[in-house]
Amino acid sequence: MRVLRRTLGTFGTFLGVLGVLSGSVSCTAAHGDDARPGDDPPAALAPFERLLPAPASARADGPGYAVGPGTVIHTGPGPDEDVRQVGELLAEQLRGPSGLPLPVVDGPGGDGIRLRIDEEAEGVGDEGYRLESGPGGITLTARTPAGLFHAGQTLRQLLPVAGPGTVPGGTVTDRPRFAYRGAMVDIARHFFTVEQVKRYVDQLAQYKVNTLHVHLTDDQGWRLAVDSWPRLAEYGGGSEVGGGPGGYWTKDEYRELVAYAGRRYVDVVPEIDMPGHVNAALASYAELNCDGKVRERYTGIKVGFSSLCVGKERTYEFIDQVLGELAELTPGRYLHLGGDEAHSTPAADYAAFMDRAQAVVGRYGKTVVAWHQLATAQPAAGAVLQYWGHDRTPAAEKAAVVAAAKAGHPLILSPADRLYLDMKYGLATKPGQVWAGLVPVKRAYSWNPGAYLAGVPESAVLGVEAALWTETIATRGDWELMAFPRVLGLAELGWSPAASHDWASYSRRLGAQGPRLQAQDISYYRAPDVPWQ
Ligand code: TNX
């Protein structure tokens, strides 16, 4: 791996990557911690040891609780609609695999699985929880319903993949390292339905990922209906990479996704990318173009060729109406403005445009998120920057981001050579790109977000996000192949304490997730250096 990293630092080209691969064979063989085909099957881990993401603390102690036909889920002591909903959802999630009835009952109850809010619970923060298991049952305690939801996801992992089972006795006390643990999906390059994205939300939420960033618009398609500009979706949504039919989400579908994610304590962050990446809009409305001439729809995979017309007042009416409708649909605090790769917008125009766009977001009561290129302009007070650089990003570009972080702009880290899920694992990976290098499972996990950018302290890092760009990804199978298992590494980096960071331990726990992923029909990549169970 060390050779891989060094070589990528020297050559960014495809040829460089080829060179790395031939070198990596001997490099892998030299490492003792890589399991290879033919090794003995890995020993099973005890339930508390296989939790992923690793909890802040877990202690096995004494006899456990057998979840069986008589088990009841108690959502008490008092009536609380949110706790009730967490209990209902947990029951749904446990019934399938266990085959048990698991009725949900209001009130404190007796034996069984008990969900309790305790606003004074210690060591759990806003999103964490305590899970205590003994012969009389399992008690999940948290300050918030979100914490109870996360406790329930831990409980799922303590039970067998199929059939009833016994949760060992003991206590888990847990809380996240970072507040923002995100995954981005690009439904613009290839269109994907709300149903597919909901499936991803379920897959992610079980690993305590709490944010879904949706890249809704790009050169190849506009994917959300906007009442004041209907041709955006109706015409601009009718294309995608490769010439397929594309598609778009109605407002009701978008609302449904937001509600579905919300029930799983996942916030939706919608992105309307601007001032670049806008060909679909320029193809839908002639008036958005500086020359007043409508553009052709685009189905290729180039970036950086389109720009909104910065000098035209109509452009600002457009973004005001689009962002206004989006803000109304979005209960979360963030609107993502994109702002990346605006290669066709002169720097001064870019800065002037982003000033006005950020003001619009503020006026609708939301907080701006933008790709880190915003650091080259003037990020608004409180704006969050999403860093997508990599080992070969020029020092000056990094320095602008570091300066913005020091000036108080929280960072979301999405290093392209770690967390871009569209990068190939190896050259044999069919879908995917290689511009940021190959990203094997180990590389996606083996870095420290708290000390990633020199000069940026951990306290300036809001969190991490894995991005699934879809230029080369057109099917659910390819989506899952690229996301799994690397997105579990993202979940672990975002949640688990820095002290637990260790590939040997992580890869064993990842291997133990294999049967769970399989049971959920997730077509994941069986990376050769993971000891899959
Ligand atoms: C860079 S990341 C992009 C996207 C591409 C992606 C492909 C970013 C902010 N821009 O437009 O889809 O690379 O890997």
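Since this is a predicted model, take the numbers as computed values, not measurements. We count ligands from 1, going down the list as the structure has it; atoms in each ligand are counted the same way.
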So is [X] polar-close to ligand 1, meaning N/O to N/O under 3.5 Å?
X    : value
E471 : yes
R189 : yes
D422 : yes
E341 : yes

Where is the nearest protein heavy atom to [atom]: which residue, which atom, and how far?
atom                    : answer
atom 13 (O) of ligand 1 : W435 CZ2, 3.4 Å
atom 2 (S) of ligand 1  : Y420 OH, 2.3 Å
atom 9 (C) of ligand 1  : D340 OD2, 2.9 Å

Suppose I only count heavy atoms of [X] and a 4.0 Å limit; which atoms of ligand 1 are within that range?
X    : value
Q433 : 7 (C), 14 (O)
W371 : 9 (C)
M423 : 14 (O)

Quick one: do the [X] and [Y] side chains pair a donor with an acceptor below 3.5 Å?
X    : Y    : value
R526 : Y524 : yes
E240 : H190 : no
Q373 : W388 : yes

Taking the six-membered ring for Trp, are Y445 and H501 parallel (under 30°), tilted (30 to 60°) or perpendicular (over 60°)? parallel

Quick one: do D252 and R255 make a salt bridge, cutoff under 4.0 Å? yes

Any Lys/Arg nitrogen of K251 or D227 sitting under 4.0 Å from an Asp/Glu carboxylate oxygen of the other? yes

Please check if the number of heavy atoms outside D126 that lie under 6.0 Å from its CG is greater than 12. no

For Q373, is the nearest heavy atom under 4.0 Å from an atom of ligand 1? no

For ligand 1, is there an atom lying under 4.0 Å from some heavy atom of H277? yes

Against the six-membered ring of F191, is R223 placed for a cation-pi contact (under 6.0 Å from the centre, within 45° of the normal)? no

